[in-house]
Amino acid sequence: MAGFQEDLFYSREHTWVRVDGNIATVGVSDYAQEKLGELYSVELPRTDAEVEQDEPFGVIESSKSVAELISPVSGEVIGVNEDIVDDIGVINSDPYGAGWLIMVELRDLDELNNLLDAEEYRDYVGEEAAIEE
Amino acid sequence: MSARKPQSRNETSWRLLPFRVLRAAENMAVDEAVFRLNRREALPPTLRFFGWQPPAVSLGYFQKTSREIDVETCLREGIDIVRRPTGGKAVLHEHELTYSLVAAMDHPLFTGDILETYRVISACIVEALKRLGLTPEMVSEGRSAAGTSLEAYCFAAPSKYELLVSGRKICGSAQVRSGGAFLQHGSLLIDIDPGRAAAVMKVPAAGISGSTTTLREQLGRVIGADELARVLRGAFEDTLGITFAEDGLTAAEDALKERLLAGKYGTDRWNLEGKSTPDGQGEPP
């Protein structure tokens, strides 16, 4: 049963965004890690790289598939979670906390209007889950 | 290559690309081009059967080349090395029929779930194998080879709706998902040289024969690629209730294929080092 955090934004590509001023922290949702299964590897951008909303920013591999990570925001990468390189499983066990992926200096706060809040994401995932039955 | 308009999204009419035997780099460039443009061009689900000439080893997206395969042996034997856009482990492509399927993730037959996609495609291959007289099993349990000498070798660790005959793996598949579409491709083994595969993959030959089976072993004959492709096509059509229209790549797919060949799959930087450029298309910034 996937978990949701109320204070986050979510994307239809199953990433979450925590906003603090103009700095966003990005990760994959609990629903995403559950669907992907056991995670093996992740490829993330370097600090200083630019990311674009709705464009790929990295790649993740699980036991089931390789999946491109689609950025929910645009801006400059100012932090990358180095700890997960040695312990990728933390994305499975703590996707909203220690499993964060990148920090981005946001270029345009209005872009957050394109994202979902927790309730909208819960509905969105509920739709996907219902179709899968 | 036809200059026609993209087909409207008729869900039961899929595209079957022509069977070609190509170099490894071109095979992967075609697969990725079809994958990237499927949704953008509103193309139907697309199936392709293909072969590899010369023989090649393909690495999973994240694998470290020198750890997983013997590059010297590959160079000496004229075996191409390519890195797939999909995950999984090393595969030696020699006596096999390879399939690739591209579709939108939300296509009604696939429902967006990764496992379900494997299950649906495996069901079609199971049907084909039954039509050849075999008794395949779809295995849904993982069996990890981690920590064993077979770790690098794809076919040693069936998991998640992989296909077994006589308890051994006969078909291995891998997926990549992005931008609302997925690519799944896989190898159905016609025959195998365990010694050669072992030398390339740096694993014991006995491990390969013990975990893998082939159509030659099961049927007592070497089945031709065209016969196998025909049986598979029919199995996909009947299992899924679809029909295939034979068609080639669109102009856009062909152009992207050429760019990927030149900038990504034709380069050591991608195949051996796993380094791609920010746009993923291998073109230097």
Side-chain angles (χ1 to χ4, degrees), chain A residues 2 11-15 28-29 31-72 74 76-77 80 84-85 88-89 91 102 124-133, chain B residues 32 35-36 39 59-64 83-89 105-121 140-146 151 157-162 173-185 274-281 285:
Chain A
S11 76
R12 287 176 179 81
E13 304 287 347
H14 305 292
T15 58
V28 296
S29 69
Y31 177 85
Q33 69 76 22
E34 219 172 64
K35 283 287 155 183
L36 283 167
E38 185 189 351
L39 293 173
Y40 292 161
S41 307
V42 69
E43 183 186 286
L44 295 174
R46 282 197 304 272
T47 313
D48 297 340
E50 292 289 319
V51 295
E52 299 296 324
Q53 191 176 60
D54 298 334
E55 294 296 322
F57 73 95
V59 185
I60 197 158
E61 182 180 30
S62 73
S63 56
K64 301 180 200 171
S65 181
V66 161
E68 281 189 339
L69 299 165
I70 306 298
S71 184
S74 308
E76 184 184 321
V77 177
V80 177
I84 60 173
V85 172
I88 190 110
I91 301 176
I102 59 172
Y124 174 69
V125 156
E127 282 167 21
E128 282 201 7
I131 290 166
E132 282 155 24
E133 257 136 69
Chain B
E32 183 171 342
F35 166 58
R36 295 278 173 210
R39 283 205 90 193
L59 294 159
Y61 185 98
F62 278 98
Q63 286 193 301
K64 301 252 178 315
R83 178 175 300 269
R84 300 191 297 268
T86 55
K89 300 190 158 117
M105 278 190 226
D106 62 357
H107 188 283
L109 281 170
F110 296 110
T111 71
D113 182 71
I114 306 174
L115 269 194
E116 185 63 11
T117 307
Y118 279 113
R119 195 197 64 74
V120 168
I121 297 172
S140 60
E141 216 59 59
R143 190 172 83 208
S144 176
E151 191 167 350
S159 61
K160 321 285 186 297
Y161 299 123
E162 296 290 8
S173 300
Q175 257 190 51
V176 60
R177 298 164 83 82
S178 179
F182 72 85
L183 159 68
Q184 179 168 321
H185 52 203
K275 293 198 176 117
S276 74
T277 47
D279 71 351
Q281 293 189 8

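Heavy-atom basis, side chains included; hydrogens, waters and symmetry copies ignored.
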Legend entry - Side chains of A:Val59 and B:Phe62 in contact at under 4.5 Å (non-hydrogen atoms): yes

Inset, instruction - Heavy-atom pairs under 4.5 Å with chain B are the metric here; pick the option from A:Ala49, A:Gly37, A:Pro45, A:Ala67 that has the most. - result: A:Ala67

Legend entry - Set of side-chain contact (heavy atoms from CB on, under 4.5 Å) partners for B:Ile114, sequence neighbours left out: A:Leu36, A:Lys64, A:Ser65, B:Tyr118, B:Gln175, B:Arg177

Inset, instruction - Could you pull out all residues at least two apart from A:Ser62 that satisfy side-chain hydrogen bond (donor to acceptor under 3.5 Å, both in side chains)? - result: none

Inset, instruction - For A:Glu61 and B:Gly88, indicate whether the former's side chain and the latter's backbone hold a donor-acceptor pair under 3.5 Å. - result: yes

Inset, instruction - Among B:Tyr61, B:Phe182, B:Phe110, single out the residue with the greatest number of heavy-atom pairs under 4.5 Å to chain A. - result: B:Tyr61

Legend entry - Side chain / backbone / both / neither for A:Val51 at chain B, heavy atoms under 4.5 Å: neither

Inset, instruction - Could you check if a side-chain atom of A:Ile70 sits within less than 4.5 angstrom of a side-chain atom of B:Ser178, using non-hydrogen atoms only? - result: yes

Legend entry - Structural part of A:Glu50 lying under 4.5 Å from a heavy atom of chain B: neither

